[in-house]
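All remarks here apply to the structure that follows.
One is the number of the first residue; the rest follow in order along the sequence.
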Amino acid sequence: MDSIASAAIKHASKRTRELLFQPLDLRFLALSSLRFPLNDRRSEELKRLTPYHKGTRILVMMAILMLLPALVLPFTSPIIGLNGVLTLLFIYIAALIGVSIIGMPLEVSLDAVLAIKYESGVSLSKAVRTFVGYALANPGQAASYMGAKLLLDMMLMTLVLLLFMPSLVTLIAIMLCLIKAVSAGASDVLGVAITGFLAAGALAMAAALLTMLLAVPISAFYGYYTEEAVRRMKEAAGGRE
């Protein structure tokens, strides 16, 4: 018999493919990514799934806020120097890793907890107790669900970082180029700076638009995955809430 995670992934893959890719409608994906109101069955289904990936959306917003300092750090180099920037970057990366490790239990369980809260109409504390009770009663199944959720999150985060990496690398390269030019006595660097920052901004905008486009099928997948996993958890627990 499939584990809850395996069954939920198969279910989510099938339903997402049927909803958004059979047939593929790029116009619908583009409009949905921009939050345009659409009187469409697929749009209504995406809205229905929102409570099932609410936790991931909250965590994504938190992750974006945590990543913003990485875009600000290069601009501090004229004030604290390159060595200062590298020191701050090391501290920032260490803090980011620490927060990610500490928040891992929240990351892998928040979608399920909020889905239980939504379906059962109970308080958040009651939903947490329900999920914890299931996890303690079915540790193997709970571990498979949370492990798969963690793997999916890591893949998603890696994809997003790769999309924004060209912009970040361009920004850092321009800052290093400007520092080197100014250190060598050059004064006419405004044109290079403007061109570089425009290029980095264009790459960041392209990455943001592509991320928004990918967010539509990713959100659908997460919604179906959590919905099916929670349904199977309730079945395994004998309908207890």
Side-chain angles (χ1 to χ4, degrees), residues 3-6 8-9 12 49-77 80 84-117 124-125 127-129 131-132 134-136 139-172 200 203-204 207-208 210-226 229-230 233:
S3 68
I4 283 180
S6 175
I9 288 174
L49 292 171
T50 299
Y52 294 98
H53 57 78
K54 185 177 181 180
T56 295
R57 288 193 297 122
I58 293 172
L59 292 173
V60 166
M61 292 304 299
M62 292 174 60
I64 291 173
L65 292 176
M66 290 171 60
L67 290 174
L68 287 179
L71 299 177
V72 177
L73 279 176
F75 293 100
T76 64
S77 57
I80 63 176
V85 171
L86 293 176
T87 301
L88 285 179
L89 183 61
F90 177 78
I91 295 172
Y92 166 74
I93 293 174
L96 194 64
I97 293 174
V99 171
S100 299
I101 293 174
I102 294 172
M104 201 172 290
L106 179 65
E107 176 186 352
V108 297
S109 60
L110 189 57
D111 272 349
V113 168
L114 294 181
I116 292 170
K117 178 180 182 295
L124 181 61
S125 59
V128 171
R129 289 196 298 271
F131 180 78
V132 171
Y134 169 79
L136 293 176
Q141 294 282 20
S144 72
Y145 163 76
M146 292 187 287
K149 177 65 166 59
L150 179 61
L151 181 60
L152 291 169
D153 287 349
M154 291 174 63
M155 292 170 59
L156 173 60
M157 185 178 297
T158 300
L159 174 61
V160 172
L161 288 175
L162 287 175
L163 291 177
F164 281 93
M165 193 60 68
S167 174
L168 182 58
V169 170
T170 300
L171 189 60
I172 293 174
L203 289 172
L210 185 54
T211 300
M212 291 170 61
L213 188 66
L214 291 174
V216 179
I218 289 172
S219 296
F221 180 89
Y222 268 84
Y224 284 127
Y225 174 73
T226 304
V230 169
M233 287 179 192

What residue among Leu96, Leu89, Ile91 forms side-chain contact (heavy atoms from CB on, under 4.5 Å) with Ile93?
-> Leu89

Met62 and its side-chain contact (heavy atoms from CB on, under 4.5 Å) partner, picked from Ile58, Val60, Leu65 = Ile58

Step-by-step side-chain contact (heavy atoms from CB on, under 4.5 Å) determination, Thr50 to Arg57 | CA-CA 9 Å; Thr50 299; Arg57 288 193 297 122; 3.2 Å; yes

How long is the gap from [atom1] on [X] to [atom2] on [Y], to the nearest 0.5 Å?
X: Tyr134; Y: Tyr145; atom1: OH; atom2: OH; result: 10.5 Å
X: Leu161; Y: Leu156; atom1: CG; atom2: CG; result: 9.5 Å
X: Thr170; Y: Leu203; atom1: OG1; atom2: CG; result: 5.0 Å

Only counting residues at least two apart or in another chain, list the ones meeting side-chain contact (heavy atoms from CB on, under 4.5 Å) with Ala148.
-> Ala5, Ile9, Tyr225

Quick one: closest heavy-atom pair of [X] and [Y], and the distance?
X: Phe131; Y: Ala112; value: CE1-CB, 3.7 Å
X: Val230; Y: Ala115; value: CG2-CB, 3.9 Å
X: Ala135; Y: Ala142; value: CA-CB, 3.6 Å

With a sphere of 6.0 Å drawn around [atom1] of [X], does it hold more than 12 non-hydrogen atoms of other residues, nucleotides or ligands?
X: Met212; atom1: CE; value: yes
X: Met66; atom1: CE; value: yes
X: Met104; atom1: CE; value: yes

Under a 4.5 Å cut-off applied to non-hydrogen side-chain atoms, are Asp111 and Leu59 in contact?
->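 Counting from C-beta outward, Asp111 and Leu59 never come under 4.5 Å.
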
Among all residues two or more places apart in sequence or in another chain, which pass the side-chain hydrogen bond (donor to acceptor under 3.5 Å, both in side chains) test with Thr226?
->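 Listed in chain order: nothing, the list is empty.
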
Sort and list the pairs that fulfil side-chain hydrogen bond (donor to acceptor under 3.5 Å, both in side chains) and have at least one residue in residues 149-164, not counting sequence neighbours.
-> Thr56-Lys149, Lys149-Asp153, Asp153-Tyr222

Between Leu114 and Leu124, is a side-chain contact (heavy atoms from CB on, under 4.5 Å) present by the stated rule, with each step listed?
-> CA-CA 7 Å; Leu114 294 181; Leu124 181 61; 3.9 Å; yes

